[in-house]
Amino acid sequence: MEIGAPAALVRQMLAAIGQGVQRPGERAVVLERDGDRLVADFWTPVRLPLGRRRIVRTREAVSLASPDRVEYEHLDGPLRGLREAIAVHPVGAGRCRIVYEGAYPPRGWLDRTLYGVVARRSLERAVRAHLEDLRPRAEARAARSRVFPPDPA
């Protein structure tokens with residue numbers, strides 16, 4: 001997904017866990033911080049099959065060490081062991097592309113089945129909604145930013 005905002009600004013917004021505006025039902029609380037690593041609890045609304053919705057709590061280790069990506073490892077919650085990364089790449093004057101990567105190691109046949117039938121689609125919808133929500137906020141912030149001025153080119 002491309003965003004009309006500088007990569008550094010978008011990366012900064014992704015790293016601001018527990019701060020700023022969040023979508024209804026979402027929240028994050030940082031429990032521990034050690035330099036560029038933190039542990040946080042996240043509450044995320046998730047659409048389930050048959051039109052059901054649920055707020056899911058996950059505890060995640062987050063690495064902010066890379067200047068162009070944020071990495072997550074689910075320590076607790078329905079997808080314990082899920083590893084995710086959101087990479088932010090500049091693609092032009094004041095634009096960037098964000099790329100989501102995720103890998104889930106199922107723990108047995110039942111876990112693999114439940115992930116394939118229910119959890120994967122719910123996860124994909126939640127990630128897509130999160131990133132689609134990020135785009136207009138990042139573009140609006142870029143338009144008024146003094147720290148990340150538009151590229152003169």
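We're numbering straight along the sequence, starting at 1. If you're wondering where the values come from, they're calculated on a predicted model, not measured in any experiment. All values below come from the heavy atoms of this structure, side chains included, with hydrogens, waters and symmetry mates left out.
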*Asks:* How would you list all residue pairs meeting salt bridge (charged side-chain N to carboxylate O under 4.0 Å, His left out) that involve residues 80-97, not counting sequence neighbours?
*Replies:* Glu2-Arg95, Glu2-Arg97, Glu73-Arg83
*Asks:* Enumerate the residue pairs fulfilling ring pair (Phe, Tyr, Trp, His ring centres under 6.0 Å) with a member in residues 86-127, sequence neighbours excluded, ordered by first and then second residue.
*Replies:*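 Sorted result for residues 86-127: Tyr104-Tyr115.
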*Asks:* Of all residues at least two apart in sequence or in a different chain, which pass the side-chain contact (heavy atoms from CB on, under 4.5 Å) check with Arg59?
*Replies:* Leu31, Val39, Asp41, Arg57, Leu75, Asp76
*Asks:* For residues 6-20, pull every pair meeting salt bridge (charged side-chain N to carboxylate O under 4.0 Å, His left out), keeping only residues two or more places apart or in separate chains.
*Replies:*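 The answer is none; no pair qualifies.
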*Asks:* Tell me every residue that passes side chain to side chain donor-acceptor pair (under 3.5 Å) with Thr44, counting only those two or more places apart in sequence or in another chain.
*Replies:* none
*Asks:* Quick one: side chain to side chain donor-acceptor pair (under 3.5 Å) partners of Ser66, sequence neighbours excluded?
*Replies:*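 If we apply the side chain to side chain donor-acceptor pair (under 3.5 Å) test to Ser66, skipping adjacent residues, the hits are Asp68.
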*Asks:* Output all residues satisfying side-chain contact (heavy atoms from CB on, under 4.5 Å) with Ala129, sequence neighbours left out; order by chain, then residue number.
*Replies:*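 Scan of Ala129 (side-chain contact (heavy atoms from CB on, under 4.5 Å), adjacent residues dropped) gives Arg23.
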*Asks:* Apply the hydrophobic cluster definition, ILVMFWY joined by side-chain contacts under 4.5 Å directly or through others, and give me every member besides Val91.
*Replies:*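 Reading the cluster by chain and number, Val91 sits alone, since nothing else belongs.
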*Asks:* Who pairs with Pro45 by side-chain contact (heavy atoms from CB on, under 4.5 Å), at least two apart in sequence or on another chain?
*Replies:*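 In terms of side-chain contact (heavy atoms from CB on, under 4.5 Å), with neighbours along the sequence ignored, Pro45 is linked to Glu26, Ile55.
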*Asks:* Can you run down the ring pair (Phe, Tyr, Trp, His ring centres under 6.0 Å) pairs that involve residues 28-80, sequence neighbours left out, and say none if there aren't any?
*Replies:*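 Sorted pair list comes back empty.
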*Asks:* Of all residues at least two apart in sequence or in a different chain, which pass the side chain to side chain donor-acceptor pair (under 3.5 Å) check with Arg120?
*Replies:*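 Partners of Arg120 under the side chain to side chain donor-acceptor pair (under 3.5 Å) test: Glu124.
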*Asks:* Which is it for Thr58 and Leu79 under the side-chain contact (heavy atoms from CB on, under 4.5 Å) test, yes or no, and what are the steps along the way?
*Replies:* CA-CA 8 Å; Thr58 59; Leu79 293 175; over 6 Å; no
*Asks:* Any Lys/Arg nitrogen of Arg69 or Glu71 sitting under 4.0 Å from an Asp/Glu carboxylate oxygen of the other?
*Replies:* yes
*Asks:* Tell me whether Arg135 contacts the main-chain N or O of Leu131 through its side chain, where contact means a donor paired with an acceptor under 3.5 Å.
*Replies:* no
*Asks:* Donor-acceptor pair, Arg37 side chain versus Arg33 backbone, under 3.5 Å?
*Replies:* no
*Asks:* Minimum heavy-atom separation for Ala28 to Ile17, with atom names?
*Replies:* CB-CG2, 3.9 Å
*Asks:* Ala65: what forms a side-chain contact (heavy atoms from CB on, under 4.5 Å) with it, not counting sequence neighbours?
*Replies:*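 Applying side-chain contact (heavy atoms from CB on, under 4.5 Å) to Ala65 gives Asp36, Ser63.
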*Asks:* Just so I know, are the side chains of Arg141 and Gln12 near enough to count as touching, which here means a heavy-atom distance under 4.5 Å?
*Replies:* yes
